[in-house]
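As structure tokens, the structure follows; a few thoughts come after it.
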Protein chains: 2
Amino acid sequence: MPQISTPYHHGDLRAALIDAGLDLARTGGPDAVRVREVTRAAGVSPASAYRHFADHRALLVAVALGSQDLLAQAMRERISSLVADASGTQEQAVARLRGVGLGYIDFALAEPGWFALALLTFDPAGAAAPSVTVAHEVPPPFQLLIDALDGCVTAGVLSAEGRVNAEWPCWSAVHGFADIATRGPLQGQDAPTLAALGVHVVDRIVAGVRSR
Amino acid sequence: MPQISTPYHHGDLRAALIDAGLDLARTGGPDAVRVREVTRAAGVSPASAYRHFADHRALLVAVALGSQDLLAQAMRERISSLVADASGTQEQAVARLRGVGLGYIDFALAEPGWFALALLTFDPAGAAAPSVTVAHEVPPPFQLLIDALDGCVTAGVLSAEGRVNAEWPCWSAVHGFADIATRGPLQGQDAPTLAALGVHVVDRIVAGVRSR
DNA sequence: CTAGCATGTGAACACCGTTCACATTGCCGA
DNA sequence: TCGGCAATGTGAACGGTGTTCACATGCTAG
């Protein structure tokens, strides 16, 4: 975690506030990360948060970046086991593409609170870029998708023509399903059903992108 | 609009509050429909809202149902011009399916505030079913998708095997793109680009569902 | 050792959702 | 016709929120 300010009175507030925010968001979603609750959980005064964050939105974005890291980490672990498998590159490439989508969906189903919070990170209006240029220029989860699609091109399962703008159908389908399953009409369905539907969605969109 | 209570003092508050809520939500999204603001816009005391709605959530759901109707209406108008076209039933069926998806996307892009509000309707935890059984059992926009897919089966462009659970890939892709374009990284992109990407997403998911 | 500054605090303000006793108004039966 | 009743609207209040500001505290550079 990029931490510049040296610990003074507390030790490292800012980090402690972000951790408390992650705890609250895990069960309560984005609405649960409130200035007063977070500072209360950290055993500190509400006003102290404003020494480290400009306002409530800045705190929210900081916690959201944390949950986005968790999402990216879960996706990487999901596909790491596949890359170790040294089978044919064609199958491997599409397996990685599927793994990216399924990792995204699995994380959303397993941690809906964190997932809903991570979505705030994709909103450019909210993610204030600190001064110059920064990491998080393109969100890590999205970068994993781009890499997987590029891998499909080099492996020959996707033509150069089929590659252009392929990110959006893929991300749309996977993200849309995660949203529907998490906050929409599929909410509360049993886990096996949701997992099966998730696989179905990924299979259909991969087929659609390849059919070109 | 289902309106049971007879107008007493005001004329028809409830309806006036819902209208005011729609006005506020159009520019400000779901967060803008607040009890105090809505009653203020209607020129009435904040407490008066509680004669017609149990709490803030109930008011929000009522306004969301209104915006959902607007969404369904926009989608119907989008496909109505296609049904008039008496060409081959195969092309007609897939054109209707595409029209449903594009109507959904176009509405989201044209009215992001209303669209974000309409999403609340798909959440079963929020849409309180008044007593027995009701309309809105399955949301009208979703019903349009189901009908379009069934039409593809009868027209022969979709096998019975390919039809099962086809709603979810379709809705996921279209809804996911609408969400990404509205609140995500595509937010603020110019309209022609978004429209072209929307067409691309719809084309890919339709191809994916047909390829089975 | 001391001056200065980063950090944490307590109280206050405005806004929000919500409740409650009370005022107003239309309707319906005697 | 008229009186009462129930439905509707009101003003003030309570607890919660984000946010600010003067003030207290304690590390650290010189």
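Chain identifiers are assigned alphabetically (A, B, ...) following the order of the sequence lines, protein sequences preceding nucleic acid strands; residue numbering begins at 1 within each chain.
- B:R34 comes within contact range of the sugar-phosphate backbone alone, with a heavy-atom separation under 4.0 Å but no base atom that close.
- A close approach under 4.0 Å does occur between a side-chain nitrogen or oxygen of A:R40 and OP1 or OP2 of D:dT17.
- In this structure, B:L97 and B:L145 have side chains that are in contact, with non-hydrogen atoms separated by less than 4.5 Å.
- Panel note: side chain B:T182, backbone B:D179; no donor-acceptor pair is recorded below 3.5 Å.
- Under the 6.0 Å cut-off for aromatic ring centres, A:F142 and A:F122 do not qualify, their centroids lying 6.0 Å or more apart.
- Spacing between atom OH of B:Y50 and atom P of D:dA12 amounts to 18 Å, rounded to whole angstrom units.
- Between B:D150 and B:R163, at least one side-chain N (NZ, or NE/NH1/NH2) sits under 4.0 Å from a carboxylate O, which counts as a salt bridge.
- Spacing between atom CG of A:L13 and atom P of D:dT25 amounts to 19 Å, rounded to whole angstrom units.
- Separating the CD atom of A:E37 from the P atom of D:dG15 is a distance of 17 Å, rounded to the nearest angstrom.
- Of the residues near DNA chain D, B:R51 and A:P46, the one whose nearest nucleotide (by heavy atom distance) lies more toward the 5' end is B:R51.
- Atom CG of B:D55 is separated from atom C1' of D:dG15 by 17 Å (rounded to the nearest Å).
- Between A:F53 atom CZ and C:dG8 atom C1' the separation is 15 Å, expressed in whole Å.
- One finds a salt bridge joining A:D203 and A:R98 here, because a Lys/Arg side-chain nitrogen approaches an Asp/Glu carboxylate oxygen to under 4.0 Å.
- When side chains are defined from C-beta on, A:F177 does not count as touching B:W171, because their heavy atoms never get closer than 4.5 Å.
- Side chains of A:V153 and A:L149 form no contact here, defined as non-hydrogen atoms less than 4.5 Å apart.
- Distances shown here put a side-chain N or O of B:H52 below 4.0 Å from the OP1 or OP2 atom of D:dG9.
- The nearest whole Å value for the distance from the CG atom in B:D12 to the C1' atom in C:dG26 is 15 Å.
- When each of B:R36 and B:V44 is assigned the nucleotide of DNA chain D with its nearest heavy atom, B:V44 is the one assigned upstream, toward the 5' end.
- One interatomic measurement links the two molecules: NE2 of B:H56 to P of C:dG17, which rounds to 5 Å at whole-angstrom precision.
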Open item on the list: Expected output check: what is the dot-bracket annotation of DNA chain D, where ( ) and [ ] are pairs inside the strand (brackets for crossing ones), | is paired with another strand, and pairs are Watson-Crick or G-U under 3.5 Å?
Closed with: ||||||||||||||||||||||||||||||

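- Atom CG of A:L60 is separated from atom P of D:dT17 by 15 Å (rounded to the nearest Å).
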